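Report on the structure given below.
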Amino acid sequence: MEYRVKDLFQLESFGNAKIVSGEKGINNEIKGITIIEAPDIANWITGGEVLLTSLFALESFTDEQLSEFIKQISDKEVSALVIKTGRFIDEIPAPMISTSEELNLPIIQIPKDTAYADILYPVMENLSNEELTRLKFFKETHDHFIALSLSNQGVERIIFLLEKIIGNPILLCDKNYFGMFSTNRLLRQFTILQQIEHTPAIYTKYPYFKQKVKFELADSATEQLVIPIEVKPNIKMNLIICEIDKQVELLDYIAIENAVTSLSIELVKQFSVMEVEKRFENDLIEDILNGKRLSVSNIYQRANLLGLNLTGPYVAVLFQYDKIPFNADKISIADEFSIQDGYYKLLYETVRESIDNAVIQSRSDRIIALLNIEGDRSTPPQDEIKSKIIKIQEQIKKQNPELTIKAGIGNTAKDIIDISRSFKEANDALHFGQLIDSNSNVFSYTDLGVFRVLCQYDNPLDLEEFIPNTLRNLQSHKQSVRNDLFITLRVYLKNNLSVTKTSQELFVHYKTVIYRIDRIKEITGIDFNNSEEIFSAQLGLKIITLIENSKQNNLLN
């Protein structure tokens, strides 16, 4: 621990000493001690010293000069001024007292019979012991952290050890402050209120700054100490110490410096290994998703080398953002890409944390998850998956209310060779589901029903030939009339030809619905007593909706 002004009163020679002014500086750290031999002592000190004086060197100073002297040594961050009275002065001048009180610079009065040597030697001995303590602490922490790195204990062990040493929770983030790992999960989400320049009181190898933040799960603002770590030229991380339990002290900085060195080593190793593994994993997953013709033994062999368990049935799920909000007037294209990248990292991590037994792959504009669905279940796998997706959507909304997640779910693939089919179905569910029902966010291939047949057509315009002539007659009518009749027909068919339910859903009079149905019969010739004609009309309406939504979403060439 640092040697401070208050510790001087533990010395035997300070038995009759008393603080005259500046008591708020009692916790100032002492880094040295010297005697004032000349009035320009402020030019020769470096800061942190205790100054001993009888004021003999300042006896010719006016009140104004004495006040200015206190200001000069305060600017040099002197720890305390110890004045011996009864020899050259009987009382400490009032200007010195008032100025020191204002600047929180302690002035301590000692009697004339106190020898300077009785103060100098014990203080220097304590400072020497303190220096040895710091060197010993540095070696111990250095050895602990390096041992963790060399034994491949991982980032988590390093961070937990640092928390144990400094007594504050630790957070490791990427450059966008997305929490990668923390010793307290409640502190992972926060809003930055202010960033402050910070220079520690000791020599450090790494840059530091502080920031004031507001945690989502806490009411008050808190300061964080942030140390940027450059893992690779294009990969940067932030080590964050949350000053919740106490402020970071001198020995804490020594521990932090050693921890950052070990983290840098460990992160470089991990990122290098991850890059190689991810490349091989991506190649394997791409081969599986694209249905590349490979032997099952070849796929399992490659999966085992990567530690992937690809046995058992799987369901493919695709995630993507509906629209990512950008303010085109305020940010550049490069910033847009950076923001989008951050949002997809958020989605990737949220999916990874929310779904067990899944192989997850990130693409530029979507996240692909292959869910292992082995085991007994009381509900169909698609229903369980929908529940998980809804929870993921809720978590993303908490991060940013403007973000909306869309997801497509394929059917179950019984084995690894069948995964490519499930992936295509998930893609079709996401693509066509949005066209059929733009208000929904989760689409299952199973729920598409007869529209699974329509998924075989890459261009929805190719489906126009399947629109029955009855509806073509309605399409040729005036737009104002046509729109009302199309809406009425859709609701009427959805409600199993119930005029009452149709009028209630459309908020129109019962007789208005009857009139519109009669007009539809007159224009289209649909026989609502013929089940085949009703089915044909339902299918035609879905195709029309599909084509209209495709045009609105600019999905057609």
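The shown structure was predicted, so the numbers you read here are calculated from the model rather than taken from an experiment.
Of the inter-residue distances, the one linking Glu156 atom CD with Leu148 atom CG reads 11.5 Å to the nearest 0.5 angstrom. Atoms CD1 and CD1, from Ile355 and Ile389 in turn, are 7.0 Å apart once rounded to the nearest 0.5 Å. Atom SG in Cys242 sits 6.0 Å away from atom CG in Leu171 (nearest 0.5 Å). Between the CD atom of Glu257 and the CZ atom of Phe138 there is a distance of 8.5 Å, given to the nearest 0.5 Å. Atom CD1 of residue Ile396 and atom CD of residue Gln399 lie 6.5 Å apart, to the nearest 0.5 angstrom. Distance check, rounded to the nearest 0.5 Å: CG of Leu172 to CG of Leu239 gives 6.5 Å.
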### Task
Apply side-chain hydrogen bond (donor to acceptor under 3.5 Å, both in side chains) to Glu163 and Thr183, showing your working.
CA-CA 8 Å; Glu163 181 196 43; Thr183 57; 3.1 Å; yes

### Task
In sequence, state the C-alpha distance, the side-chain angles, and the governing distance for Lys139 and His142, and then conclude on side chain to side chain contact (heavy atoms under 4.5 Å, CB included).
CA-CA 5 Å; Lys139 184 179 185 306; His142 175 270; 5.6 Å; no

### Message
Under the criterion side-chain hydrogen bond (donor to acceptor under 3.5 Å, both in side chains), I'd like the reasoning laid out for Asn441 against Gln393: C-alpha separation, chi angles, the key distance, then a yes or no.
### Response
CA-CA 9 Å; Asn441 294 326; Gln393 291 171 331; 5.1 Å; no

### Query
Is there a side-chain hydrogen bond (donor to acceptor under 3.5 Å, both in side chains) between Thr261 and Tyr206 once you walk through the steps?
CA-CA 9 Å; Thr261 299; Tyr206 303 101; 2.9 Å; yes

### Steps toward side chain to side chain contact (heavy atoms under 4.5 Å, CB included) verdict (Lys214, Ile192)
CA-CA 7 Å; Lys214 173 73 167 57; Ile192 299 175; over 6 Å; no

### Ile227/Asn238 under side chain to side chain contact (heavy atoms under 4.5 Å, CB included): CA gap, chis, key distance, verdict
CA-CA 6 Å; Ile227 307 95; Asn238 287 315; over 6 Å; no

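A salt bridge does not link Glu394 with Lys397: every distance from a Lys NZ or Arg NE/NH1/NH2 to an Asp or Glu carboxylate oxygen is 4.0 Å or more. Using a 4.0 Å cut-off between charged side-chain N and carboxylate O, Lys210 and Glu243 make a salt bridge. Using a 4.0 Å cut-off between charged side-chain N and carboxylate O, Lys246 and Asp252 make a salt bridge.
The closest side-chain heavy-atom distance from Ile241 to Gln224 is not below 4.5 Å. Residues Tyr321 and Gln340 fail the side-chain proximity criterion, which asks for heavy atoms closer than 4.5 Å. Proximity of Ile392 to Val351: side-chain heavy atoms (C-beta onward) are separated by under 4.5 Å at one or more points. Side chains of Leu162 and Phe145 form a contact here, defined as non-hydrogen atoms less than 4.5 Å apart. Proximity of Tyr314 to Ile373: side-chain heavy atoms (C-beta onward) are nowhere separated by under 4.5 Å. Two residues are said to be in side-chain contact when any heavy atoms from C-beta on lie closer than 4.5 Å; Ile360 and Leu370 fail this criterion. Asp415 has its side chain within reach of Asp418: a pair of non-hydrogen atoms, C-beta onward, lies under 4.5 Å apart.
Contact detail for Phe209 and Ile196: the closest heavy-atom pair is CB-O, 3.4 Å. Across Asn411 and Ser422, no two heavy atoms sit closer than the pair O-OG, 2.7 Å. Tyr445 and Gly410 make their closest contact through CB-CA, 4.3 Å (heavy atoms, listed as atom of the first residue, atom of the second, distance). Counting all heavy atoms, side chain and backbone alike, Val260 lies closest to Ile229 at CG1-CG1, 4.0 Å. Val513 and Thr502 get closest at one heavy-atom pair: CG1-CG2, 3.9 Å. Closest approach of Arg421 and Ala413 over heavy atoms only: NH2-CA, 3.6 Å.
Within 6.0 Å of atom NE2 in His144, 12 or fewer heavy atoms from other residues, nucleotides or ligands are found, so the atom counts as exposed in its surroundings. Counting non-hydrogen atoms of other residues, nucleotides and ligands closer than 6.0 Å to NZ of Lys175 gives a total of 12 or fewer. No more than 12 heavy atoms of other residues, nucleotides or ligands sit less than 6.0 Å from atom NZ of Lys212. Shown here is Lys388, whose NZ atom has more than 12 heavy atoms of other residues, nucleotides or ligands within 6.0 Å.
With hydrogens and angles ignored, the 3.5 Å screen pairs no side-chain donor or acceptor of Ser440 with any backbone N or O of Val442. Listed for the Ser536 side chain is no donor-acceptor partner under 3.5 Å among the backbone atoms of Glu532.
No hydrogens or angles considered: a donor-acceptor pair under 3.5 Å links the side chains of Thr141 and Asn258. Looking at Asn495 and Arg490, their side chains never bring a donor and an acceptor atom within 3.5 Å of each other. Looking only at atom types and distance, the side chain of Asn400 has a donor-acceptor partner in the side chain of Tyr343 under 3.5 Å away.
Taking the six-membered ring where the residue is Trp, the centroids of Phe319 and Tyr348 are separated by 6.0 Å or more. In this structure, Phe181 has its ring center under 6.0 Å from that of Phe160.
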